[in-house]
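In this chain, numbering begins with 1 at the start of the sequence shown.
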Amino acid sequence: MTSTLKNEITSAFTTVGLTSLPAPLVTKLTGLSTSLRLTPRQLAEAWEAHSLTRNVDVLDDVTFGGYQSALAKEAESKGLIASSSVDSKRNVVVMQSSGLGKRTAPHSSVTPSPMAKRGAQTPQSASGATAPADRSGLSAVDNLTTPSGKVPISPGMKHPGVASANQITPTAKSAPKYQDRTGTGSLVTSYNPNSLPTAVEVNAQNADNATTQKTCTIQYHPSSTHPQPPTKSTPFRHMFTPLATRAKALESRILTMSDSICEKYNIKSEEEEMLKYEHVSAEVVDDNMACWTPVGIPKQGKVVCVGRICNEAHEGRLNRASIRLEGSRKDSSGSRIHLDLNSLVTNNDNNQSYSFFPGQIVAVEGINSSGRTMQASRLYEGVPPPVEKSTAKELIKYNYGPEGQNGMPLSIVSMCGPFTTKDNLEYDPLVDMVMKISEDQPDVVIMCGPFVDGRQPLVQGGEPTITDEDGNEKKVSYENLFQTKFAALLEEMYANDPDTKTQFVLVPSTEDMICESVYPQPPLVNQEVTSGVKKFNDEFGNLGLNYVEIAGRENIKTSERTKRVHCVSNPCTLKINELSVGVTSSDVLFHISSDETNANLPPGGRLTRIAQHLIQQRSYYPLFPAAKGACLDLSRSDEWEMPVQPDILIVPSKLTTFARKVLDTTVVVNPGELTKNTTGGTYAVIDVHPMKKEALEKGGDAEMEHGVQDRVRVDIKRI
């Protein structure tokens with residue numbers, strides 16, 4: 001029995017990247033499995049979570065103590081053990097005498113107590129449908145407990161009618177409601193290196209001398225490639241990509257990034273170096289110069305190989321032991337080699353940090369004497385695209401021109417869906433945000449989907465129900481829900497104040513029910529209804545955005561109306577006046593974070609490094625294989641490339657909100673989500689102040705960097 005359990009533990013830990021566990025460690029893990037009544041798979045999952053939290057890649061005698069303590073502490077907090085005391089001599093956790101009781105098979109004939117039945121009942125949603133509890137993503141110990149942290153009552157427990165200390169039925173704790181939230185408008189975090197005032201404060205100070213608010217220009221960046229909106233004649237086709245096309249896209253990315261990396265860091269092939277130094281012998285060249293070499297070719301001297309980071313294991317998280325470098329088919333025939341990073345990490349003189357994830361294109365310098373394993377000594381983690389520049393005349397026009405900002409700050413508000421809480425379809429957070437926008441009147445509002453969230457319990461059924469003005473409930477289509485709850489709010493705002501110059505940018509999400517669920521994603525399409533149907537709430541397929549453009553401007557010719565709502569693709573690179581702004585609604589930060597391994601990163605620098613990857617890889621989604629639900633269409637991989645290094649990069653994520661400077665000139669902003677379950681979330685206010693006029697006047701026709709990192713203020717606030 002013990003040998004079988006040891007084999008199962010060894011096999012389970014192999015799936016999470018630990019391929020060779022010493023026999024003494026396996027014995028200790030066997031003791032933990034027996035004392036805590038955890039399966040080998042649960043132990044392995046607990047180690048994977050612990051290694052991610054503590055940034056530990058290897059389980060040995062040194063790291064086992066921390067893993068054991070964390071597991072014991074979590075088990076104690078869940079009521080699985082009496083105390084956190086551990087028998088150091090036997091390396092087992094001392095269990096409570098009552099224990100968990102024997103568990104029976106799922107189809108046991110033992111009848112649970114009424115308390116157990118009530119505790120097992122799943123709370124119902126507002127519509128009356130039973131919402132299944134989501135247990136995914138929890139630790140091994142959490143999977144043995146209820147959401148409230150108590151051990152669930154098993155039908156096989158002794159005395160089912162009497163609740164013992166470990167058999168207390170948990171009391172359902174009501175989720176916080178949006179109306180009961182606290183800290184409205186409070187500051188969560190900010191980026192303001194030069195202590196600049198907000199745009200609202202500047203506008204208030206210059207209220208007497210203020211001129212009419214001008215409309216800023218919003219367009220796609222001229223160097224970007226983006227999906228076109230589908231039409232009847234040219235529909236947006238996806239899921240028709242043959243295997244050869246996908247392989248060609250992956251190959252093209254390796255070759256393109258390889259050329260950029262070699263050009264940036266002046267990496268030459270051995271033939272090129274020999275031509276450059278014809279008077280130098282080949283032995284001297286090999287000993288002193290690291291030349292580019294195809295992946296998998298053995299060399300006794302230092303070489304540089306360029307390829308894609310891959311995970312040796314088909315399942316589990318990437319770790320230091322499972323990193324492989326895959327070369328191109330053209331130069332390396334798709335060969336893969338193992339990367340040994342020990343010398344890189346342990347070299348005190350070098351002390352180079354690294355951060356790897358699957359799909360990353362890197363250059364590795366080291367020795368590959370066998371052709372199978374490379375001893376890495378230096379890394380090149382990609383190359384950022386060119387920095388955006390503009391002439392001094394253009395900058396004066398946008399910053400101080402009468403048709404530009406006229407010396408006032410450019411204000412951008414960024415937020416990400418869901419825009420309604422999980423317990424209703426009233427869109428209360430969106431209503432509050434539109435009121436705030438109407439009050440502050442920023443220049444641009446960038447709204448990332450989902451607008452009609454397919455994960456919303458009241459939407460998942462396929463027939464969302466809303467209450468009309470007469471108080472009657474009725475079922476509506478997804479498009480009708482959008483136009484009733486979303487477009488109607490914008491229409492009302494503009495109808496009340498037709499002179500408002502605020503422009504909205506709508507970026508769809510793959511979780512949206514009103515657009516194609518594929519990445520890259522085409523813009524939202526506002527279909528015009530020509531069937532003669534007049535009623536607003538009965539139009540099918542129309543998002544109602546045409547009414548937003550007309551509101552308050554019925555007497556103005558269509559050609560003279562400035563555009564209020566811009567539907568753009570996901571992802572996209574925009575030009576807002578002189579600024580280049582990159583936006584993607586996909587949670588790429590979370591996806592990379594879930595499959596990334598690193599070492600020697602500065603404290604608190606992990607999110608910054610992940611955001612840096614997007615720029616260095618010149619891609620809004622460099623992860624491959626993609627995370628579940630990403631829906632990548634590799635035949636359109638050029639449409640999620642990053643043409644320039646953006647001045648502002650907006651990447652909404654469920655991870656911690658932040659605003660930081662990355663790679664000297666880019667400010668990366670994670671505004672968070674506007675709602676979190678049943679309560680409110682966060683949004684970002686980005687105020688970009690004009691450049692110094694004196695410096696611009698001296699510039700003439702010369703191109704200048706925008707320097708946004710020194711003249712921007714970012715405030716992330718609670719809704």
Would you say that [X] contacts [Y] through its side chain, given a criterion of any heavy-atom pair below 4.5 Å between the two side chains?
X	Y	result
V714	T189	no
T665	Q645	yes
F451	L506	yes
T679	K177	no

Fill in the blank from the handout: Between the OH atom in Y178 and the OG1 atom in T184, the distance rounded to the nearest 0.5 Å is 7.0 Å

Donor-acceptor contacts under 3.5 Å from residues 412-419 side chains, at least two apart:
none

Practice task
Measure centre to centre between the rings of F357 and H613, then say whether the value is under 6.0 Å.
Solution key: yes

Exercise for the section: Name the orientation class of the two ring planes belonging to Y380 and Y265 (parallel below 30°, tilted from 30 to 60°, perpendicular beyond 60°). Expected result: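 The arrangement is tilted - the two ring planes meet at 30° to 60°.
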
Problem - Partners passing side-chain contact (heavy atoms from CB on, under 4.5 Å) against C262 (at least two apart in sequence or in another chain) - result: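 For C262 the side-chain contact (heavy atoms from CB on, under 4.5 Å) partners, ignoring immediate neighbours, are S258, I267, W292, V306.
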
Handout entry: Qualifying residues under side-chain contact (heavy atoms from CB on, under 4.5 Å), relative to I254, sequence neighbours excluded
Key =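 Partners of I254 under the side-chain contact (heavy atoms from CB on, under 4.5 Å) test: R308, S328, I361.
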
Handout entry: Pairs where residues 582-608 contributes a residue and the test salt bridge (Lys or Arg N to Asp or Glu O under 4.0 Å) is met, not counting sequence neighbours
Key = E596-R606

Exercise for the section: Run the salt-bridge test on R636 and E639 with the 4.0 Å N-O cut-off and return the result as yes or no. Expected result: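 Yes, R636 and E639 are salt-bridged.
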
Give every donor-acceptor pair under 3.5 Å between a side-chain atom in residues 654-662 and any protein atom, sequence neighbours left out.
unit_1, atom_1, unit_2, atom_2, d
R660, NH1, G604, O, 3.3
R660, NH1, T608, OG1, 2.8

Exercise for the section: Quick one: which residue pairs count as a side-chain hydrogen bond (donor to acceptor under 3.5 Å, both in side chains) with a foot in residues 709-719, not counting sequence neighbours? Expected result: E578-R711, R713-D715

